[in-house]
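Single-structure report; data block below.
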Amino acid sequence: MKNLRLMHLGTISYLPNPRRNSIRNKHMGMPNLEELFGLCSTSCTNKVFSGIPNLKRLIIHQTPVSTERRDNYFIDMSSLTKFEALKCFNYNLPCTIERFVFPTSLKRLSFDGCFSFPWADISTLVMLPNLEELKLKDYAVKGEVWRLRDEDKFESLKLLVFSGLYLERWEASSDSFPNLKRLVLKKCFLLKEIPIDFGEICTLESIELHNCSIAAEDSATIIEQEQADMGNNSLKVSIQCSRMRG
């Protein structure tokens with residue numbers, strides 16, 4: 001299967017470690033595979049990835065494991081030098097980003113499900129220099145406050161999506177997301193405001209709110225007006241299905 005480029009596994013599936021002679025023989029494995037969907041997290045090791053060295057996009061599912069094993073395994077993608085996009089699903093096991101080893105080439109990252117990451121873990125993603133898209137969905141993060149330090153800067157981030165998070169306070173400045181273009185907030189019922197300083201992000205093109213609090217909607221409107229006052233009328237604010245008040 002050396003010419004295979006896309007593999008979509010119908011259920012959560014495991015890949016075995018390649019045999020030693022397969023690693024030495026460059027004609028073995030799947031050297032041209034670029035997309036792999038449905039891989040179990042326990043198969044995400046350097047040994048497995050050695051057989052698919054040119055992988056660019058991956059969807060993995062976190063699965064329940066014993067406490068002892070949970071504390072001793074890593075999702076290690078450091079050898080994938082061409083890797084660009086990762087989506088992780090988990091509805092069973094709380095996790096920590098410390099258990100992930102990301103390649104610096106990563107551009108798009110999505111966590112979907114009950115990982116229960118602390119917001120401090122999310123802040124460590126500033127270490128990914130090429131990260132352009134970050135999506136956090138369905139209780140992927142725990143905690144009511146995300147406080148970014150002055151040195152925490154997502155230099156390359158262009159798209160940020162929050163969906164179904166219990167975030168109440170978001171403390172950040174325009175310097176935290178200097179190249180942000182699009183902000184999407186869905187079902188953020190507790191959020192008291194979008195950082196008002198976002199009105200100074202000159203690259204910001206759109207803010208979209210779906211089923212968020214009235215307070216968050218009001219802050220988006222203030223940011224839009226602040227941009228207009230600076231002569232930037234390109235920022236578009238979209239508010240849909242307002243349900244929560246206060």
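Just the heavy atoms: all of them, side chains too, but no hydrogens, waters or symmetry mates, feed the values below. Predicted model, so just to flag it, every value in this text is computed and none were measured.
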I want to check something: taking the side chain as every heavy atom from C-beta on, are [X] and [Y] in contact at a cut-off of under 4.5 Å?
X: Arg169; Y: Glu144; value: no
X: Phe162; Y: Cys188; value: yes
X: Leu134; Y: Leu159; value: no
X: Leu125; Y: Phe102; value: yes
X: Arg108; Y: Glu84; value: yes
X: Leu36; Y: Leu15; value: yes
X: Leu86; Y: Met77; value: yes
X: Ile207; Y: Ile223; value: yes

From [X] [atom1] over to [Y] [atom2], what is the distance, rounded to the nearest 0.5 angstrom?
X: Glu217; Y: Cys212; atom1: CD; atom2: SG; answer: 7.0 Å
X: Lys181; Y: Cys202; atom1: NZ; atom2: SG; answer: 11.0 Å
X: Leu109; Y: Cys88; atom1: CG; atom2: SG; answer: 6.5 Å
X: Asp152; Y: Asp175; atom1: CG; atom2: CG; answer: 11.5 Å
X: Glu226; Y: Ser219; atom1: CD; atom2: OG; answer: 11.5 Å
X: Glu132; Y: Leu180; atom1: CD; atom2: CG; answer: 12.0 Å

With no hydrogens and no angle check, just 3.5 Å: does a side-chain donor-acceptor pair link Asp121 and Thr96?
yes
Specify the closest pair of heavy atoms between [X] and [Y], including all atoms of both residues, with the distance to one decimal.
X: Ile201; Y: Ser174; result: CG1-CB, 3.7 Å
X: Arg182; Y: Leu204; result: N-CD1, 4.3 Å
X: Ile60; Y: Cys44; result: CG2-SG, 3.5 Å
X: Glu193; Y: Trp170; result: O-CB, 4.4 Å
X: Val237; Y: Ile239; result: CG1-CG1, 4.0 Å
X: Phe49; Y: Leu58; result: CZ-CD2, 3.9 Å

Derivation and outcome, side-chain hydrogen bond (donor to acceptor under 3.5 Å, both in side chains), residues Lys82 and Asn54
CA-CA 6 Å; Lys82 297 181 180 180; Asn54 292 306; 3.2 Å; yes
Would you say the side-chain atoms of [X] pair up with the backbone N or O of [Y], donor to acceptor, closer than 3.5 Å?
X: Asp76; Y: Thr45; value: no
X: Asn130; Y: Thr104; value: yes
X: Ser206; Y: Lys236; value: no
X: Ser105; Y: Phe83; value: yes
X: Gln227; Y: Gly199; value: yes

Side chain to side chain contact (heavy atoms under 4.5 Å, CB included) partner of Leu55, the single match among Thr81, Leu33, Asn32
Leu33
Name of the residue among Val161, Leu160, Val184 meeting side chain to side chain contact (heavy atoms under 4.5 Å, CB included) with Lys135
Val161
Could you check Tyr14 against Ser43 for side-chain contact (heavy atoms from CB on, under 4.5 Å), going step by step and ending with a plain yes or no?
CA-CA 6 Å; Tyr14 298 81; Ser43 290; 3.6 Å; yes
Glu133 vs Lys158, side-chain contact (heavy atoms from CB on, under 4.5 Å): CA-CA, chis, key distance, verdict:
CA-CA 6 Å; Glu133 299 181 7; Lys158 297 178 181 178; 5.9 Å; no
Whether over 12 other heavy atoms sit under 6.0 Å from Glu151 CD
yes
Does Asp229, at its CG atom, have more than 12 non-hydrogen atoms belonging to other residues, nucleotides or ligands within less than 6.0 Å?
yes
Show your working on ring pair (Phe, Tyr, Trp, His ring centres under 6.0 Å) between Trp146 and Tyr166 and close with a plain yes or no.
CA-CA 11 Å; Trp146 188 20; Tyr166 285 130; over 10 Å; no
Stepwise ring pair (Phe, Tyr, Trp, His ring centres under 6.0 Å) test for Tyr139 and Phe117:
CA-CA 9 Å; Tyr139 318 112; Phe117 292 135; over 10 Å; no
Go through Ile122 and Val141 one step at a time and tell me if the side-chain contact (heavy atoms from CB on, under 4.5 Å) criterion holds.
CA-CA 8 Å; Ile122 303 302; Val141 188; 4.0 Å; yes
For a side-chain contact (heavy atoms from CB on, under 4.5 Å) check, start with the C-alpha distance between Leu136 and Leu165, then their side-chain angles and the critical distance, and finish with the verdict.
CA-CA 8 Å; Leu136 305 172; Leu165 304 181; 4.0 Å; yes
Check for me, please, whether Phe154 and Trp119 land in the same ILVMFWY cluster - side-chain distances under 4.5 Å, paths through other members count.
yes
Does the pair Asn46 and Ser79 meet the rule for a side-chain hydrogen bond (donor to acceptor under 3.5 Å, both in side chains), with working shown?
CA-CA 6 Å; Asn46 265 325; Ser79 63; 2.7 Å; yes
Does the distance from a Lys or Arg side-chain N to an Asp or Glu carboxylate O, for Glu155 and Lys153, drop under 4.0 Å?
no
In plain terms, say whether Lys56 and Glu35 are close enough for a salt bridge, that is, a side-chain N and a carboxylate O under 4.0 Å apart.
no
Centroid separation Phe177 to Phe198 less than 6.0 Å
yes
